[in-house]
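The structure under discussion appears below in the form of structure tokens.
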Amino acid sequence: MTSVVENLPFGEVISSVVASLESGKDIKIEGFGTFSLIEKPEREGRNPRTGQLTTYKPTRRPKIKFDKKFLERVYSGARPSETSTETSTETTSVTPPVASPATTPSPTSASTSAPVAAPVAPVLPPPIPAELLMPAQPPMLWQIKAPDNSFVEVPSKELSNWGVGANTPIYSVATGWKLAGQVPELVGIVK
């Protein structure tokens with residue numbers, strides 16, 4: 001396993017990773033993770049678009065296993081000097097760009113460029129407390145006069161289905177008799 005000096009510019013780091021993987025070697029970037037290749041053998045599977053059985057060719061895929069220190073920083077939002085008790089060993093496939101072997105630097109070559117700072121995860125606020133959230137209100141029920149001169153109880157969102165307009169008299173215990181157009185809760189529901 002090869003280790004890369006942390007202060008290489010990003011492009012040189014990628015080139016070093018590609019060169020090492022092309023030569024079949026794993027490469028470790030201290031404080032970030034280890035890149036390696038996984039071999040996928042020939043296998044039977046289904047084409048997701050057509051559902052037909054197909055044979056997939058053997059492939060080599062790059063894989064990264066993140067360093068424990070890196071995961072601690074990401075999950076805790078901590079600075080480099082701080083640590084967290086939460087850890088994980090998640091892995092993710094990545095596809096690095098392919099560099100030509102003639103221009104690929106040695107993985108251990110040092111550079112005079114300034115180090116590239118790792119991005120810091122944003123600090124998210126905690127969830128909103130339940131007591132500050134508005135509780136779900138049951139739909140307001142209104143009494144309207146039906147075509148057969150009886151009274152029908154109708155929820156606010158269904159008033160327009162019953163032909164209620166702005167000048168239709170409606171009744172609720174909370175408001176008493178009003179024209180539908182004069183009730184603030186019904187603005188936009190009745191026309």
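Note that this is a predicted model, so its numbers are computed, not measured.
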*Can you find a heavy atom in the side chain of Leu159 that is under 4.5 Å from one in the side chain of Leu186?*
yes
*Given side chain to side chain contact (heavy atoms under 4.5 Å, CB included), test Val164 with Ile170 step by step and report yes or no.*
CA-CA 9 Å; Val164 174; Ile170 58 173; 4.1 Å; yes
*Run the side chain to side chain contact (heavy atoms under 4.5 Å, CB included) check on Phe35 and Ile64 step by step: do they pass?*
CA-CA 5 Å; Phe35 291 88; Ile64 182 170; 3.6 Å; yes
*Straight-line distance of Arg60 CZ to Glu22 CD, nearest 0.5 Å*: 8.5 Å
*If you look at every heavy atom in Trp142 and Ser156, which pair is closest and at what distance?*
NE1-OG, 2.9 Å
*Please report the shortest heavy-atom distance between Asp26 and Ser36, naming the atom on each side.*
OD1-CB, 3.1 Å
*Are any of the side-chain heavy atoms of Leu21 and Lys25 separated by less than 4.5 Å?*
no
_Residue Leu53 excluded, over 12 heavy atoms near CG under 6.0 Å_ = yes
N/O donor-acceptor pairs under 3.5 Å from side chains in residues 37-48, not counting sequence neighbours:
residue	atom	partner	partner atom	Å
Glu44	OE2	Thr55	OG1	2.8
Arg46	NH1	Gly51	O	2.8
Asn47	OD1	Arg49	N	2.9

*Is there side-chain contact between Ile29 and Val17, with heavy atoms separated by less than 4.5 Å?*
yes
_Nearest non-hydrogen partners of Leu179 and Pro169, listed with the distance_ = CD2-N, 4.0 Å
*Determine, step by step, whether Gln143 and Val154 satisfy the side chain to side chain contact (heavy atoms under 4.5 Å, CB included) criterion, reporting the C-alpha distance in whole Å, the side-chain angles of both residues, the deciding distance to 0.1 Å, and the verdict.*
CA-CA 6 Å; Gln143 298 285 332; Val154 179; over 6 Å; no
_Once you measure the plane-to-plane angle for Trp177 and Tyr171, does it fall in the parallel (<30°), tilted (30-60°) or perpendicular (>60°) bin?_
tilted
*Find out whether Val74 and Phe66 are in side-chain contact, i.e. whether some heavy atom of one side chain is under 4.5 Å from a heavy atom of the other.*
no
*asked:* Rounded to the nearest 0.5 Å, what separates atom NZ in Lys65 from atom NZ in Lys28?
replied: 10.0 Å
*Specify the closest pair of heavy atoms between Ala146 and Val152, including all atoms of both residues, with the distance to one decimal.*
CB-CG2, 3.4 Å
*Could you walk me through whether Phe151 and Ile144 pass the side chain to side chain contact (heavy atoms under 4.5 Å, CB included) check?*
CA-CA 5 Å; Phe151 286 92; Ile144 62 169; over 6 Å; no
_For the backbone of Ser16 and the side chain of Ser20, can you confirm whether one donor and one acceptor N or O come within less than 3.5 Å of each other?_
yes
*Give the minimum heavy-atom separation between Gly165 and Ala180, together with the two atoms involved.*
O-CB, 3.3 Å
